[in-house]
Amino acid sequence: MGCKVLIGTQWGDEGKAKLIDFYSQDMDIVARYQGGPNAGHTVVVNGKKYIFHLLPSGMLHKDTICVIGNGVVLDPEQLIAEITEVEKDGYDVRNRLKISDSAHLIIPYHRAIDGAMEDASDKKIGTTKKGIGPCYSDKCLRVGIRVGDILDENYLEARLKEALFGKNLQLKKIFLRPEFDLHGIKEMLAEFKKQIEGMVINTQYYLHQEFDKGKMILLEGAQGTALDIDHGTYPFVTSSNPTIGGALMGTGLNAFCIDEIIGITKAYVTRVGEGPFPTEDKGEYGELLRKRGVEFGSTTGRPRRCGWFDIELLKHAKRINGLSSIALTKLDVLTGIPKIKVATGYKINGKKIDYFPSSRIDLVEPIYEELEGWTEEIADCNSFKKLPKKAKKYVEFLEEHTGLKASIISVGPDRGCTIVR
Ligand code: GDP
Ligand code: IMO
Ligand code: MG
């Protein structure tokens with residue numbers, strides 16, 4: 001058996017964590033492969049809600065090993081807060097969590113620079129201000145601090161000194177913000193080392209060893225295809241690759257290890273932050289979707305922009321990721337909408353195009369079709385057969401237009417509200 005990868009097909013918040021938790025019941029290992037605390041992954045078990053930012057969403061299954069892969073950017077204070085929170089509820093985290101020694105650390109100056117850049121810009125990205133972009137930039141500039149670096153005090157000090165010089169110059173001279181002091185950062189990292197030392201390993205080697213033993217491995221994506229730095233709506237994207245390439249890079253597994261790639265797809269579309277969104281509905285129905293879907297960011301609390309299903313976007317995600325199937329989430333939210341719009345194609349300057357453009361998506365004009373809605377609440381439906389006729393038709397319409405089967409349909413936030421086909 002190979003690995004399963006779960007990837008968001010839109011602009012994030014598709015309900016990935018609910019499905020990762022659902023699939024985790026059959027998994028030995030769940031590994032996060034990219035992003036950082038910009039992610040907000042909600043898992044609801046028996047009515048109790050957990051929002052994971054860094055811990056993999058398989059954490060609530062007591063026999064599942066969770067891995068933070070090398071592609072993740074990790075905020076030490078956030079990770080400790082999350083571990084403490086989950087442990088309070090009686091879950092053993094420390095014996096089940098493995099952290100890559102080559103994952104990069106978000107140092108407080110990364111958050112400060114992220115915030116300062118956003119505040120100073122008149123063309124904001126609308127980042128989460130969690131330090132994601134500055135941390136990945138340092139990785140590429142080769143001045144980043146990695147988890148493994150904190151195990152050797154002298155080496156860490158030398159790396160930090162080198163990085164801090166440039167950061168303080170930038171903060172002080174360009175952004176007129178306070179500087180950071182080496183001692184404070186060293187102390188914070190020394191405390192972090194005490195807490196996590198026993199969990200730090202070479203996760204690339206570990207994952208290959210476990211794969212060779214035939215262990216079931218699930219790779220957890222954060223964000224989504226349209227936020228991918230290469231394949232998304234640049235520059236309004238995140239600074240990593242949530243798509244399939246990122247899953248390999250961020251774990252060290254190779255293409256031959258993967259046998260299923262599932263696209264997590266909301267039954268409508270949302271986006272949080274700035275940037276183009278062709279099917280956004282700024283009127284009554286956008287508002288209704290936000291209300292019924294409780295569409296507020298899990299990380300920042302910002303209202304999510306809402307709109308209609310976008311076939312061209314899903315076809316783009318299918319091509320880039322090689323999706324085997326989709327898990328269609330939040331179908332229950334559409335209950336009560338009399339006519340449901342679906343964008344089946346795009347036009348630019350009046351001319352039909354059959355792809356998701358790699359730039360200037362703001363010029364796209366969606367071509368809509370309307371489907372009849374249904375009025376019945378569907379959270380209790382536990383099989384496809386039991387769904388209202390028009391809900392089934394809606395799902396089949398999306399399947400026909402994309403050539404992707406909805407192998408799972410999610411009809412509520414709880415683990416139990418999941419239809420397997
Ligand atoms: P993620 O980032 O992709 O893991 O998604 P988030 O956790 O940020 O946002 C998804 C939200 O929708 C969370 O509040 C989930 O509890 C909720 N959710 C997930 N699946 C369903 C569903 O099928 N129906 C409803 N009504 N809510 C869902
Ligand atoms: P999950 O994993 C939705 C968005 C931000 C912003 C852009 C860049 O929960 O789906 P960043 O802080 O990453 O530099 O911000 O990306 N963004 C997300 N939107 N879900 C997420 O994660 C997101 N992570 C980042 O709102 O527009
Ligand atoms: Mg989220």
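We count ligands from 1, going down the list as the structure has it; atoms in each ligand are counted the same way. Each residue takes its place number in the sequence, starting with 1.
Ring pair F309/Y394 is perpendicular by interplanar angle, where above 60° counts as perpendicular and below 30° as parallel. The aromatic rings of Y91 and Y50 sit perpendicular, their planes meeting at an angle over 60°, well past the 30° parallel limit.
No N or O atom of L331 sits closer than 3.5 Å to an N or O atom of ligand 1. Residue V333 has no N or O atom closer than 3.5 Å to an N or O atom of ligand 1. Geometrically, ligand 1 and D332 share a nitrogen or oxygen pair separated by less than 3.5 Å.
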Check each N or O atom of ligand 2 against all protein N or O atoms and list the pairs under 3.5 Å, with atom names and distances to 0.1 Å, one per line.
| residue | atom | partner | partner atom | Å |
| --- | --- | --- | --- | --- |
| ligand 2 | 2 (O) | H41 | NE2 | 2.6 |
| ligand 2 | 2 (O) | Q223 | N | 2.8 |
| ligand 2 | 9 (O) | D13 | OD1 | 3.0 |
| ligand 2 | 9 (O) | G40 | N | 2.9 |
| ligand 2 | 9 (O) | G40 | O | 3.1 |
| ligand 2 | 10 (O) | D13 | N | 2.8 |
| ligand 2 | 10 (O) | D13 | OD1 | 3.4 |
| ligand 2 | 10 (O) | K16 | NZ | 2.6 |
| ligand 2 | 12 (O) | T128 | N | 2.9 |
| ligand 2 | 12 (O) | T128 | OG1 | 2.6 |
| ligand 2 | 13 (O) | N38 | ND2 | 2.9 |
| ligand 2 | 13 (O) | T238 | OG1 | 2.6 |
| ligand 2 | 20 (N) | D13 | OD1 | 3.1 |
| ligand 2 | 20 (N) | D13 | OD2 | 3.4 |
| ligand 2 | 22 (O) | Q223 | NE2 | 3.4 |
| ligand 2 | 24 (N) | Q223 | NE2 | 3.1 |
| ligand 2 | 26 (O) | G126 | O | 3.4 |
| ligand 2 | 26 (O) | V272 | O | 3.0 |
| ligand 2 | 26 (O) | R302 | NH2 | 2.9 |
| ligand 2 | 27 (O) | V272 | O | 3.1 |

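Around the Mg ion (ligand 3), protein atoms of type N, O or S found under 2.8 Å number 2.
Inspection of the T128 and T300 side chains reveals no N or O donor paired with an N or O acceptor under 3.5 Å. Residues T127 and D114 have side chains that bring a donor and an acceptor to within less than 3.5 angstrom of each other. In summary, the side chains of H104 and D138 do not present any donor paired with an acceptor at a separation below 3.5 Å, with no hydrogens or angles considered.
Here V411 has backbone heavy atoms under 4.0 Å from ligand 1, and that is the only part of it that gets that close. Contact annotation for R304 and ligand 1: only side-chain heavy atoms (C-beta onward) come within less than 4.0 Å of the ligand. By the criterion of a heavy-atom distance under 4.0 Å, both the backbone and the side chain of P413 are placed next to ligand 1. Residue contacts with ligand 1, taken as heavy atom pairs separated by less than 4.0 Å, involve K330 via backbone and side-chain atoms alike.
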